[in-house]
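The structure appears right after this line, and notes come after that.
The structure displayed is predicted, hence computed values, not measured ones. We name chains A, B, ... by the order of the sequence lines, and we start the count at 1 in each one.
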Protein chains: 2
Amino acid sequence: MSDPAGGLNAEQLGAYFALMEVSSLLQYAVDEHLRADGDLSYVQFQILARLVDAPDGRLRMTDLADGVVYSRSGLTYQAGLLDKRGLITRAPSPEDERSVMVTVTDAGRALVAHVLPGHVDRVRQLLFESMDGQDLAALSAILGRVRGHMRANPPRSAKPRAGRNRTD
Amino acid sequence: MSDPAGGLNAEQLGAYFALMEVSSLLQYAVDEHLRADGDLSYVQFQILARLVDAPDGRLRMTDLADGVVYSRSGLTYQAGLLDKRGLITRAPSPEDERSVMVTVTDAGRALVAHVLPGHVDRVRQLLFESMDGQDLAALSAILGRVRGHMRANPPRSAKPRAGRNRTD
DNA sequence: TATTGTTATACTCTATAACTATA
DNA sequence: TATAGTTATAGAGTATAACAATA
């Protein structure tokens, strides 16, 4: 039942396509809003939001990189942009001189606060307006489980390693 | 962040984050596979897959553009790459000389056939391995409804128009 | 040696506008 | 005039590898 000819049945295929289209449209809409309302990409917003949620508004670069899928250099690039705009500051960590502590500035907090209502509003309008409480509970449960499964089973090389691990 | 004004409750926020993470990881995994196994981006795979599904393996550029969110020039760019590799051909439509008919070649069909099993397998492993029949039915129903809602309510300007634009 | 982060570089992708041609 | 598609161009974003500094 779950593997006809090693593939997906019609319902699974439909769910897959629906998921891709929904997330794509949602991503597009949210990105557009963040850009128009705060001149932020979704990645930049994620970085700021994480910092706002962190104790003292600070995180190490490495901690920031976890969850944001990109490479280290990609994070450095984005952090550079945010730094230039005065939304974050970077300073070497006193505890470990190799690390860089990233801190949200007041301007950064203000921008997140400015952008958040509209952001959340788009998500509600697009994603939740056509769902009732039961749908929400079901979706939460399913996606939560899937997320856990995905985190546990990185398909091949979800994240690049620094050292050995070179086979091609 | 815990109480966004007029926004989402904790469960909604959690579902939103879960959706974004799941789709992001799935997109990443699928993209990686397509690139490794067929040197195709997800967009290119979508184009080829649409053509394979189309009658006679042919579609106009405009028809291809619908559903693939990108701009016309973006589609031209991608089609150019596929053309160069001999996976599609392009020829002016006999019916309407303005249109360009895109056709999958045998090589294009072969590549899709080559890549599809692994593609579908990744989706099954990542997305459906942790779901039972009930989950699948619920997810299908919910996402199908959300998709319909999203298609009916483009947030602002989901697709670019040729003529006059807003001034904000 | 391993880890943290930056830089240099090259490449992919996307969007805008100007352009051609057909209807 | 409106539609279909291409081209030129510019910009954002990402990945890789080489690099420096600290543990």
Side-chain angles (χ1 to χ4, degrees), chain A residues 24 27-28 31-32 34-36 39-47 58-66 68-85 88-102 157-168, chain B residues 24 27-28 31-32 34-36 39-47 58-66 68-85 88-102 157-166:
Chain A
S24 173
Q27 176 77 54
Y28 188 90
D31 212 272
E32 184 189 51
L34 289 173
R35 239 170 253 282
D39 195 24
L40 289 173
S41 69
Y42 186 68
V43 181
Q44 291 166 359
F45 173 72
Q46 275 186 304
I47 293 172
R58 308 185 302 159
L59 285 173
R60 296 186 311 147
M61 289 289 283
T62 295
D63 299 329
L64 265 179
D66 294 344
V68 181
V69 200
Y70 302 137
S71 56
R72 255 186 252 258
S73 65
L75 179 58
T76 297
Y77 171 74
Q78 294 294 345
L81 295 180
L82 295 175
D83 197 340
K84 244 179 239 165
R85 292 175 60 184
I88 63 171
T89 58
R90 286 178 290 178
S93 166
E95 304 143 10
D96 184 339
E97 289 280 329
R98 294 173 304 181
S99 296
V100 167
M101 292 297 299
V102 182
S157 66
K159 282 169 190 174
R161 294 288 170 187
R164 63 254 271 274
N165 199 7
R166 194 91 306 163
T167 41
D168 50 273
Chain B
S24 173
Q27 176 77 55
Y28 188 88
D31 211 272
E32 184 188 50
L34 289 173
R35 237 171 255 282
D39 196 22
L40 288 173
S41 69
Y42 186 68
V43 180
Q44 292 166 358
F45 172 72
Q46 275 186 306
I47 293 173
R58 306 186 303 158
L59 285 173
R60 297 186 312 148
M61 289 291 283
T62 296
D63 299 329
L64 265 180
D66 294 345
V68 182
V69 200
Y70 303 136
S71 57
R72 255 189 257 255
S73 64
L75 179 58
T76 297
Y77 171 73
Q78 295 293 345
L81 295 181
L82 296 175
D83 198 340
K84 243 180 242 166
R85 291 175 61 184
I88 63 171
T89 58
R90 286 177 290 178
S93 165
E95 302 142 12
D96 185 339
E97 288 279 330
R98 295 172 303 180
S99 295
V100 168
M101 291 298 297
V102 183
S157 65
K159 281 168 189 174
R161 294 286 172 187
R164 56 232 308 272
N165 276 341
R166 81 214 113 271

Side-chain touch Arg90(B)/Met101(B), heavy atoms, less than 4.5 angstrom | no
Evaluate the side-chain proximity of Arg85(A) to Leu40(A): yes if any heavy-atom separation is below 4.5 Å, no if none is.
-> yes
Give one of base, sugar-phosphate or nothing for Ser93(B), where a contact means two heavy atoms less than 4.0 Å apart.
-> nothing
At under 4.0 Å between heavy atoms, what does Leu64(A) touch on the DNA or RNA strands: base, sugar-phosphate, or nothing?
-> nothing
N/O to N/O distances under 3.5 Å, protein versus nucleotides 5-11 of chain D:
unit_1	atom_1	unit_2	atom_2	d
dG5(D)	OP1	Met61(B)	N	3.1
dG5(D)	OP1	Val100(B)	N	3.1
dG5(D)	OP1	Val100(B)	O	3.4
dG5(D)	OP2	Thr62(B)	N	2.8
dG5(D)	OP2	Thr62(B)	OG1	2.0
dT6(D)	OP1	Arg90(B)	NH1	3.1
dT6(D)	OP2	Thr76(B)	OG1	2.5

Length of the line joining [X]:[atom1] and [N]:[atom2], which is rounded to integer Å:
X        : N       : atom1 : atom2 : result
Asp39(B) : dC11(C) : CG    : C1'   : 13 Å
Tyr42(A) : dG13(D) : OH    : P     : 15 Å
Phe45(A) : dG13(D) : CZ    : P     : 16 Å
Glu95(B) : dT22(C) : CD    : C1'   : 14 Å
Glu32(B) : dT16(D) : CD    : C1'   : 15 Å
Lys84(B) : dC13(C) : NZ    : C1'   : 14 Å
Asp31(A) : dC13(C) : CG    : C1'   : 14 Å

With Ser73(B), which residues qualify under side-chain contact (heavy atoms from CB on, under 4.5 Å), at least two apart?
-> Ser71(B)
Nearest 0.5 Å please: distance from the OG1 atom of Thr76(B) over to the CG atom of Asp83(B).
-> 11.0 Å
Please round to the nearest 0.5 Å and tell me the distance separating atom OG of Ser41(B) and atom CG of Leu34(B).
-> 8.0 Å
Taken in chain and number order and not counting sequence neighbours, the residues that satisfy salt bridge (Lys or Arg N to Asp or Glu O under 4.0 Å) with Arg58(A) are none
Which residue lies more 5' along DNA chain D, comparing Glu97(A) with Arg35(A) via nearest heavy atoms = Arg35(A)
Nearest to the side chain of Asp96(A), which nucleotide is it out of dA23(D), dT22(C), dC13(C)?
-> dA23(D)
Of all the choices, dT14(D), dT12(C), dA15(C), which nucleotide is nearest to the side chain of Ser71(B) once you look at every atom?
-> dA15(C)
Of all residues at least two apart in sequence or in a different chain, which pass the side chain to side chain donor-acceptor pair (under 3.5 Å) check with Asp39(A)?
-> none
Within the structure, does a side-chain N or O atom of Gln78(B) lie under 4.0 Å from either OP1 or OP2 of dT14(C)?
-> yes
Got a sec, which residues hit ring-ring contact (aromatic ring centres under 6.0 Å, His included) with Tyr42(A), two or more places apart in sequence or on another chain?
-> none
Identified stems (criterion: three or more consecutive Watson-Crick or G-U pairs, under 3.5 Å), DNA chain D | C:1-23 with D:1-23
Val102(A) and side chain to side chain contact (heavy atoms under 4.5 Å, CB included): which partner among Leu64(A), Leu59(A), Thr89(A)?
-> Leu64(A)
